[in-house]
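See structure below.
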Amino acid sequence: MTRKPLPPRTLGALLLATALATAGCAGARPSVAGSAVPKGPGGPSGPAAPVLGAPAEMTRLFRSLGLVAGSGAIPFTASVSFLRAPSPDSTLTLVALSLPSRALGFAREGERYAAAYVARIQLRQGPTVVRTIEATEQVRVPTFRETSRTDESIIWQQFLRLAPGRYTMTVSVKDESSIRNSSEEVSLDVPRLAADGLTSAVPVYEAIPRQVVDSLPRLLARPRSTLVYGVDSVLPLYLDAVGATPPTAVRVRVVGDADIVGIDTLIELPSRGASRSTTVALPVGRMAVGINTVQVTAAGRADTARTRVLVTLGEDVPIGTFEEMLAYLRLFTTQDRLKQLRDADLADRAAAWTSFLKDTDPVPGTAEHEGLRDYFARIRTANIRFRDDVGAGWQSDRGTAFVALGDPDNIIDTGLLNPNDRVRQQIWEYRELRIQLIFIDQTGFGRWRLAAQSRGDLDVAIRRKLGSR
């Protein structure tokens, strides 16, 4: 079966290949042992920014979302969702798994590149194996660039019917061209869904709602439950409402860090035969950067459906809390403004953040904050452009200048003028600021450092730039 990596952020057609397996299944989000969120080191200006792209940090965040995160040689993320089955004695369970295409070993196949992997799910109750599903999948892509993608580029998903109860679930992935593999074991509680109760709210890329309870929804799940600020405009959320008495409307609330409510809206569920299932689009711009909890309730129903989503600055940017977000804003605004946000009481934090957005928005007449959009885009660009400088690209000397000041008007590279020079220099000219920044590569291996005589100029330029926002 072919799995083509998904085009970034868009799907021209619904790429679906799911299988319905009959067996038992049921439960809430999987619990992962040891998934507590560690606190970052403190300091005068707050926590240090996490290391961008660090696998351990991303694994920590995915687990705090309630996801299964494999941290072995093949990093993968898996989500588990629960929908209603025809009989209350079973629960329709969707296990969706994603991995980056760069995790697989691709080989040239004519004009394309091909790889293969084995995905495996095993469910146990005590020593008894209840269900094992194993599939060997093929991936073919048209260009070499597609083989090195780091985003959620390959998705494999499986529907199962499971009896309500507690299971031990093991999810494994193996690269067919090597010995590289990853495996993660979690405890899984499969719930018994009440006839009039709510089911999981499922983050998706696309979905065609089902109309009867004995069919399957045609959807492509979003296993990482992650959205990129400034890139993703909406979160498609699939709401499954089938059965004898589905709700006619639901209330959807999105709550960020420190209980900041970003979205609180009533959504009418359209009638589709015997179903009121639908997909709603939640605006990402109204969500807090970090972990958000989506809460779905219906009048007259006692339960609440919850799912967590991560709004971040990039696929490899581990921001999960308000404090971590402030650490990333150190080159966007002044320390005084950041201190006001950091010192605000929890009850006042939402108002303080709203005020901050209003005061720093360069184009107040639009719904989007163009300043933050462009700033986060520069961080993503710096992580790619300066990744060889050491550490996170945006935190390197050149990355700091680029993120804070933007592209220079001119770059003079002495190594291009005289390749025999042992010490290379780059001179960045910012004409409006009337400064030249000199970066030196002493080793010849692309480890650029800001010259001592330029450090004061950069600090002054950053303060001037931040003071103008």
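Bear in mind the structure is a predicted one, so any value in this text is a computation, not a measurement.
Remark: side-chain polar atoms of Arg308 are not paired, donor with acceptor, to backbone N or O of Ile291 under 3.5 angstrom. Side-chain atoms of Asn181 come within 3.5 Å of backbone atoms of Ile179 as a donor-acceptor pair (strictly under, hydrogens ignored). Although no hydrogens or angles enter the test, the distance criterion places no donor-acceptor pair under 3.5 Å between the side chain of Arg398 and the main chain of Trp448. Between the side chain of Arg102 and the backbone N or O of Ser148 there is no donor-acceptor pair closer than 3.5 Å. Proximity of a side-chain donor or acceptor of Glu152 to a complementary backbone N or O of Leu99 within less than 3.5 Å is not detected. Without hydrogens or angle criteria, Arg272 side chain to Ser277 main chain gives a donor-acceptor distance under 3.5 Å. In this structure, the side chain of Arg84 engages the main chain of Ala194 through a donor-acceptor pair within 3.5 Å. Arg192 places a side-chain N or O within donor-acceptor distance of the main-chain N or O of Pro88, the cut-off being under 3.5 Å. A donor-acceptor pair under 3.5 Å is formed between the side chain of Gln125 and the backbone N or O of Arg166.
No salt bridge links Asp397 with Arg449; every basic N to acidic carboxylate O contact stays at or beyond 4.0 Å. A salt bridge between Arg120 and Glu184 is absent, with no side-chain N of the basic residue lying under 4.0 Å from a carboxylate O of the acidic one. A salt bridge does not link Asp303 to Arg301: none of the charged side-chain nitrogens sits closer than 4.0 Å to a carboxylate oxygen.
Residue pairs meeting the ring pair (Phe, Tyr, Trp, His ring centres under 6.0 Å) criterion with at least one member in residues 182-204: none, sequence neighbours excluded. For residues 236-245, the set of pairs meeting the salt bridge (Lys or Arg N to Asp or Glu O under 4.0 Å) definition, not counting sequence neighbours, comprises Arg210-Asp240.
Side-chain atoms of Val95 and Leu160, non-hydrogen and from C-beta on, do get closer than 4.5 Å to each other. The closest side-chain heavy-atom distance from Phe376 to Leu329 is below 4.5 Å. Looking at Glu323 and Arg342, their side chains come closer than 4.5 Å, going by heavy atoms from C-beta outward. Residues Leu198 and Thr304 are not in side-chain contact: their nearest non-hydrogen atoms beyond the backbone lie 4.5 Å or more apart. A 4.5 Å side-chain heavy-atom check between Thr143 and Tyr113 finds every atom pair outside the cut-off. When side chains are defined from C-beta on, Leu239 does not count as touching Thr279, because their heavy atoms never get closer than 4.5 Å. Taking 4.5 Å as the limit, some side-chain heavy atom of Val250 sits within range of a side-chain heavy atom of Leu269. Counting heavy atoms from C-beta on, the side chains of Asp264 and Val255 never come closer than 4.5 Å.
Here the closest heavy-atom approach between residue Leu94 and residue Ala221 is recorded as CD2-CB, 4.2 Å. Nearest heavy atoms, Pro246 versus Ala241: CB-O, 3.7 Å. Considering all non-hydrogen atoms of both residues, Thr226 and Asp232 come closest at O-OD2, 4.5 Å. Heavy atoms only, all atoms of each residue included: Ile263 and Pro283 are closest at CD1-O, 3.7 Å. The nearest pair of heavy atoms linking Leu67 to Ser225 is CD2-OG, 4.3 Å.
Considering only residues two or more places apart in sequence or on other chains, Thr168 meets the side-chain contact (heavy atoms from CB on, under 4.5 Å) condition with Arg124, Glu185. Take Asp407 and apply the side-chain hydrogen bond (donor to acceptor under 3.5 Å, both in side chains) test, not counting sequence neighbours, and it matches Arg385. For Ser172, the side-chain hydrogen bond (donor to acceptor under 3.5 Å, both in side chains) partners are Ser183, not counting sequence neighbours. Remark: Asp175 engages Arg180 in a salt bridge (Lys or Arg N to Asp or Glu O under 4.0 Å) (not counting sequence neighbours). Under the rule for a salt bridge (Lys or Arg N to Asp or Glu O under 4.0 Å), Glu176 has no partner lying at least two apart in sequence or in another chain. For Ser87, there are no side-chain hydrogen bond (donor to acceptor under 3.5 Å, both in side chains) partners, not counting sequence neighbours. In terms of the side-chain contact (heavy atoms from CB on, under 4.5 Å) criterion, residue partners of Ala119 (sequence neighbours excluded) are, by chain and number, Tyr117, Trp156. Considering only residues two or more places apart in sequence or on other chains, Arg276 meets the salt bridge (Lys or Arg N to Asp or Glu O under 4.0 Å) condition with none of them. With sequence neighbours left out, Asp214 forms a salt bridge (Lys or Arg N to Asp or Glu O under 4.0 Å) with no residue at all. Partners of Gln211 under the side-chain hydrogen bond (donor to acceptor under 3.5 Å, both in side chains) rule, at least two apart in sequence or in another chain, do not exist in this structure.
Between Thr360 atom OG1 and Leu372 atom CG the span is 5.5 Å, to the nearest 0.5 Å. Separating the CZ atom in Phe106 from the OG1 atom in Thr147 is a distance of 6.0 Å, to the nearest 0.5 Å.
Relative to the six-membered ring of Tyr205, Arg222 meets both conditions, a distance below 6.0 Å and an angle of at most 45° to the axis.
Ring orientation note: the planes of Tyr328 and Trp394 are close to parallel, at an angle under 30° on the 30°/60° scale.
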